[in-house]
Chemist: 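After the structure tokens below, expect a handful of questions from me.
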Amino acid sequence: MAWLRYLKKLSPTKPLLRSTNPHPFLPFPFLLSHFTSLPISDAAAVSRPPALGPTETGEKPRVVVLGSGWAGCRVMKGLDTSIYDVVCVSPRNHMVFTPLLASTCVGTLEFRSVAEPIARIQPAISREPGSYFFLANCTAVNTDEHSVQCETVTDGLNTLEPWRFKLSYDKLIIALGSQPLTFGIHGVKEHAIFLREVYHAQEIRRKLLLNLMLSDVPGISEEEKRRLLHCVVVGGGPTGVEFSGELSDFIMKDVTQRYAHVKDYIQVTLIEANEILSSFDDRLRHYATKQLTKSGVQLVRGIVKDVKPQSIILNDGSEVPYGLLVWSTGVGPSPFVNSLEVPKSPGGRIGIDEWLRIPSVEDVFAIGDCSGFLESTGKQVLPALAQVAERQGKYLAALLNKIGKEGGARAGSGKDLELGAPFVYKHLGSMATIGRYKALVDLRQSKEAKGLSMAGFLSWFVWRSAYLTRVISWRNRLYVAVNWATTFIFGRDISRI
């Protein structure tokens with residue numbers, strides 16, 4: 001047993017988590033049941049760490065980040081890990097580069113190209129002894145105790161029960177994003193697919209390719225074939241328009257060649273209650289409408305009243321059959337955000353001041369889609385955009401680093417510090433692709449302001465160049481560039497995996 005004594009000498013004298021864990025090399029023994037051959041009752045008998053307790057003298061202050069979206073990942077990336085330990089709690093272990101998510105649905109890009117692992121964004125999470133990533137959801141926040149209650153995510157596996165644990169924080173950053181708005185319409189959650197996560201794009205792709213193959217089976221009626229191949233997109237914002245453009249491009253370039261028997265049946269319909277791309281310049285909106293129509297996308301102005309398994313009902317009483325329904329009508333606060341007992345901004349978001357703090361509690365900040373300026377600040381609630389979240393994350397990381405260097409990193413120790421300049425957002429413009437090597441670029445700071453706006457091939461080139469530079473890592477930039485080149489030369493992959 002000499003090897004065991006040698007390993008004990010190498011083991012840390014202080015356990016990573018405050019617990020009576022008999023396995024010092026396994027700080028999370030409750031995950032063993034995924035890999036053990038023991039019965040689940042025996043695996044569950046392994047002791048579990050009850051909490052990550054308050055930081056002590058000699059330990060770095062702890063920043064807990066709830067969420068792994070644009071805001072949460074940007075603040076983690078900018079935090080000085082020589083000052084803070086970083087703990088991230090999120091139901092996904094990666095960040096999604098959402099502007100390119102629509103391209104993965106039709107095979108223009110691979111799914112891995114738009115997903116960046118958290119450990120690459122903030123390496124301290126996988127290297128530093130006091131920094132962690134927990135695959136979990138936050139279920140409660142106790143601001144008096146400076147702690148959060150969490151529950152592990154198990155993806156429905158019956159080999160492991162969700163487990164609750166508590167984390168103490170010195171600074172808490174709530175960056176939980178938002179959820180799709182359904183406006184209480186019956187059947188949306190059951191039958192429609194959203195487009196916000198990688199698994200949404202995977203589901204859309206599988207459904208689309210399945211319908212294409214089923215429609216080619218002998219004995220399918222003409223009516224059923226048209227229904228299967230009718231793709232309906234609800235919502236005329238940038239996400240809905242970009243997906244419609246990608247889908248029409250896929251139909252014109254790939255479906256007509258590889259599904260020649262059903263090419264005349266496939267149809268894309270975009271339903272919007274008002275004007276599509278309402279935040280863009282009028283000239284760009286008209287251009288987008290013309291190009292989408294030219295690409296075969298049917299634009300319908302209407303409001304969805306009911307969603308059935310194979311059709312939707314509009315406000316004028318008409319029924320629209322569909323084989324694939326993608327829902328993209330905006331976002332709103334999540335149930336967890338609604339449950340927090342803090343002041344709210346107009347629209348139900350978490351209310352924040354000019355320094356992104358929640359004024360009613362101490363050491364708690366909120367950024368991204370889940371937050372909005374309180375009316376008392378005199379500022380308007382910012383739109384739920386990736387550039388807003390990223391800018392807030394960058395600002396807050398710099399602010400926390402400043403607080404830490406001035407001795408205010410510990411819980412309750414930064415009350416009297418001068419915070420400096422408040423957060424100011426300057427809109428950099430909007431971009432959207434509409435397929436067929438065409439895109440829209442609107443660089444105005446607001447809808448009423450004057451500025452550069454253009455459309456066409458040059459805009460498409462600007463759109464691709466801009467997003468290629470904004471992809472988080474060089475690894476994913478290479479993935480995206482290679483995927484684009486491969487698609488251009490060989491066409492899109494149509495494998496249903």
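Residue numbers count from 1 along this sequence.
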Chemist: For Val337 and Pro333, work out which heavy atoms get closest and say how close.
Modeler: CG1-CB, 4.1 Å
Chemist: Can a donor-acceptor pair be found between the side chains of Ser68 and His94 at a distance below 3.5 Å?
Modeler: no
Chemist: Please test Gln310 against Tyr322 for side chain to side chain contact (heavy atoms under 4.5 Å, CB included), starting from the C-alpha separation and ending with a verdict.
Modeler: CA-CA 6 Å; Gln310 296 184 355; Tyr322 67 85; 5.6 Å; no
Chemist: Taking everything shown except Lys207 itself, do over 12 heavy atoms lie less than 6.0 Å from its NZ?
Modeler: no
Chemist: In the structure I gave you, are the side-chain heavy atoms of Ile358 and Leu340 within less than 4.5 Å of one another anywhere?
Modeler: no
Chemist: Would you confirm whether His200, through its side chain, and Glu197, through its main-chain N or O, come within 3.5 Å as a donor-acceptor pair?
Modeler: yes
Chemist: Between Phe250 and Leu208, is any pair of side-chain heavy atoms under 4.5 Å apart?
Modeler: yes
Chemist: Does the side chain of Thr329 pick up a donor-acceptor pair with the side chain of Trp327 at under 3.5 Å?
Modeler: yes
Chemist: Verify salt bridge (Lys or Arg N to Asp or Glu O under 4.0 Å) between Asp281 and Arg285, making sure each step is shown before the conclusion.
Modeler: CA-CA 6 Å; Asp281 179 80; Arg285 290 209 317 270; over 6 Å; no
Chemist: Between Leu209 and Ser495, what is the shortest heavy-atom contact and its length?
Modeler: CD1-O, 3.5 Å
Chemist: Evaluate the criterion salt bridge (Lys or Arg N to Asp or Glu O under 4.0 Å) for residue pair Arg301 and Glu272; output intermediate values, then yes/no.
Modeler: CA-CA 5 Å; Arg301 182 173 292 188; Glu272 169 58 40; over 6 Å; no
Chemist: Give a yes or no answer on whether the side chain of Ser221 reaches the backbone of Glu224 with a donor-acceptor pair at less than 3.5 Å.
Modeler: yes
Chemist: Do the non-hydrogen side-chain atoms of Met76 and Ile173 ever get within less than 4.5 Å of each other?
Modeler: no
Chemist: Give, for atom CZ of Arg227 and atom CD of Glu222, the distance between the pair rounded to the nearest 0.5 Å.
Modeler: 14.5 Å
Chemist: Is a side-chain N or O of His230 found less than 3.5 angstrom from the main chain of Pro321, in a donor-acceptor match?
Modeler: yes
Chemist: Quick one, Thr143 with Tyr169, criterion side chain to side chain contact (heavy atoms under 4.5 Å, CB included). Give me CA distance, side-chain angles, the key distance, then yes/no.
Modeler: CA-CA 10 Å; Thr143 56; Tyr169 63 82; 4.0 Å; yes
Chemist: Got a salt bridge between Asp493 and Arg205, using NZ or NE/NH1/NH2 to carboxylate O under 4.0 Å?
Modeler: yes
Chemist: Does Tyr84 offer a backbone N or O that forms a donor-acceptor pair with the side chain of Thr81 under 3.5 Å?
Modeler: no
Chemist: Assess the residue pair Arg470 and Glu390 against the criterion (salt bridge (Lys or Arg N to Asp or Glu O under 4.0 Å)); give the C-alpha distance rounded to whole Å, side-chain angles, the decisive distance to 0.1 Å, and a yes or no.
Modeler: CA-CA 11 Å; Arg470 299 304 298 161; Glu390 184 183 30; 2.5 Å; yes
Chemist: List the steps and the verdict of side chain to side chain donor-acceptor pair (under 3.5 Å) for Arg444 and Ser453.
Modeler: CA-CA 7 Å; Arg444 300 172 304 154; Ser453 60; 5.6 Å; no
Chemist: To the nearest 0.5 Å, how far apart are CZ in Phe280 and OG in Ser430?
Modeler: 4.5 Å
Chemist: Counting only heavy atoms not in Lys394 (residues, nucleotides, ligands), do more than 12 fall under 6.0 Å from its NZ?
Modeler: no
Chemist: Would a line drawn from the ring center of Phe365 to the ring center of Trp355 be shorter than 6.0 Å?
Modeler: no
Chemist: Determine whether more than 12 heavy atoms belonging to other residues, nucleotides or ligands lie under 6.0 Å from atom CZ of Arg196.
Modeler: yes
Chemist: Is the backbone of Lys426 close enough, under 3.5 Å, to the side chain of Arg391 for a donor and an acceptor to pair up by distance?
Modeler: yes
Chemist: Is the backbone N or O of Val86 less than 3.5 Å from a side-chain atom of Ser131, with the two atoms forming a donor-acceptor pair by type?
Modeler: yes
Chemist: Are Tyr467 and Val462 close enough, and set up right, to give a side chain to side chain contact (heavy atoms under 4.5 Å, CB included), and what steps lead you there?
Modeler: CA-CA 9 Å; Tyr467 282 151; Val462 171; over 6 Å; no
Chemist: Any donor and acceptor pair, going by atom type alone, linking the side chain of Asp306 with main-chain N or O of Ile185 inside 3.5 Å?
Modeler: no
Chemist: Got a donor-acceptor contact below 3.5 angstrom from the Asp353 side chain to the Pro359 backbone?
Modeler: no
Chemist: Measure the spacing between CG of Asn211 and CZ of Arg496 and express it to the nearest 0.5 Å.
Modeler: 9.0 Å
Chemist: Under 3.5 Å, is there a donor-acceptor pair linking the side chains of Glu246 and Ser103?
Modeler: yes
Chemist: Ser311 and Glu319: side-chain donor and acceptor closer than 3.5 Å?
Modeler: yes
Chemist: Taking C-beta and beyond as the side chain, do Phe97 and Trp70 meet within less than 4.5 Å on heavy atoms?
Modeler: yes
Chemist: Check whether any side-chain heavy atom of Tyr265 lies under 4.5 Å from a side-chain heavy atom of Ile220, and answer yes or no.
Modeler: no
Chemist: Give a yes or no on whether Lys308 atom NZ has more than 12 heavy-atom contacts from other residues, nucleotides or ligands under 6.0 Å away.
Modeler: no
Chemist: Quick check: do Val480 and Val114 have side-chain heavy atoms less than 4.5 Å from each other?
Modeler: no
Chemist: Might you point out which heavy atoms bring Val148 and Cys138 nearest each other, and give the distance in Å?
Modeler: CB-SG, 4.0 Å
Chemist: Taking all heavy atoms of Thr104 and all of Ala201, pick out the closest pair and write down the distance.
Modeler: OG1-CB, 3.3 Å
Chemist: Side-chain atoms of residues 397-404: list all donor-acceptor pairs with protein atoms under 3.5 Å, sequence neighbours left out, distances to 0.1 Å.
Modeler:
unit_1	atom_1	unit_2	atom_2	d
Asn401	OD1	Asp80	N	2.9
Asn401	ND2	Gly78	O	3.0
Asn401	ND2	Ala397	O	3.2
Lys402	NZ	Glu406	OE2	3.2
Lys402	NZ	Glu418	O	2.5

Chemist: Does the Glu116 side chain pair with the main chain of Val471, one donor and one acceptor, at a distance under 3.5 Å?
Modeler: no
Chemist: Give, for atom CG of Leu109 and atom CH2 of Trp484, the distance between the pair rounded to the nearest 0.5 Å.
Modeler: 6.5 Å
Chemist: Working to the nearest 0.5 Å, report the span between OG of Ser295 and NZ of Lys438.
Modeler: 7.5 Å
Chemist: Can you confirm whether the side chains of Gln202 and Arg206 place a donor and an acceptor under 3.5 Å from each other?
Modeler: no
Chemist: Is the shortest heavy-atom distance from the side chain of Gln387 to the side chain of Tyr425 under 4.5 Å?
Modeler: yes
Chemist: Closest approach of Ile193 and Glu203, non-hydrogen atoms and distance?
Modeler: CD1-CG, 3.8 Å
Chemist: Is there side-chain contact between Leu314 and Val304, with heavy atoms separated by less than 4.5 Å?
Modeler: yes
Chemist: List the steps and the verdict of side chain to side chain contact (heavy atoms under 4.5 Å, CB included) for Met95 and Ile472.
Modeler: CA-CA 9 Å; Met95 172 191 165; Ile472 299 296; 3.9 Å; yes
Chemist: Quick check: closest heavy atoms across Glu151 and Pro162, and the distance to 0.1 Å?
Modeler: CG-CB, 3.8 Å
Chemist: Taking Ser248 for its side chain and Ser244 for its backbone only, find out whether a donor-acceptor pair lies under 3.5 Å.
Modeler: yes
Chemist: Indicate whether any N or O donor in one side chain lies under 3.5 Å from an N or O acceptor in the other, for Arg492 and Thr487.
Modeler: no
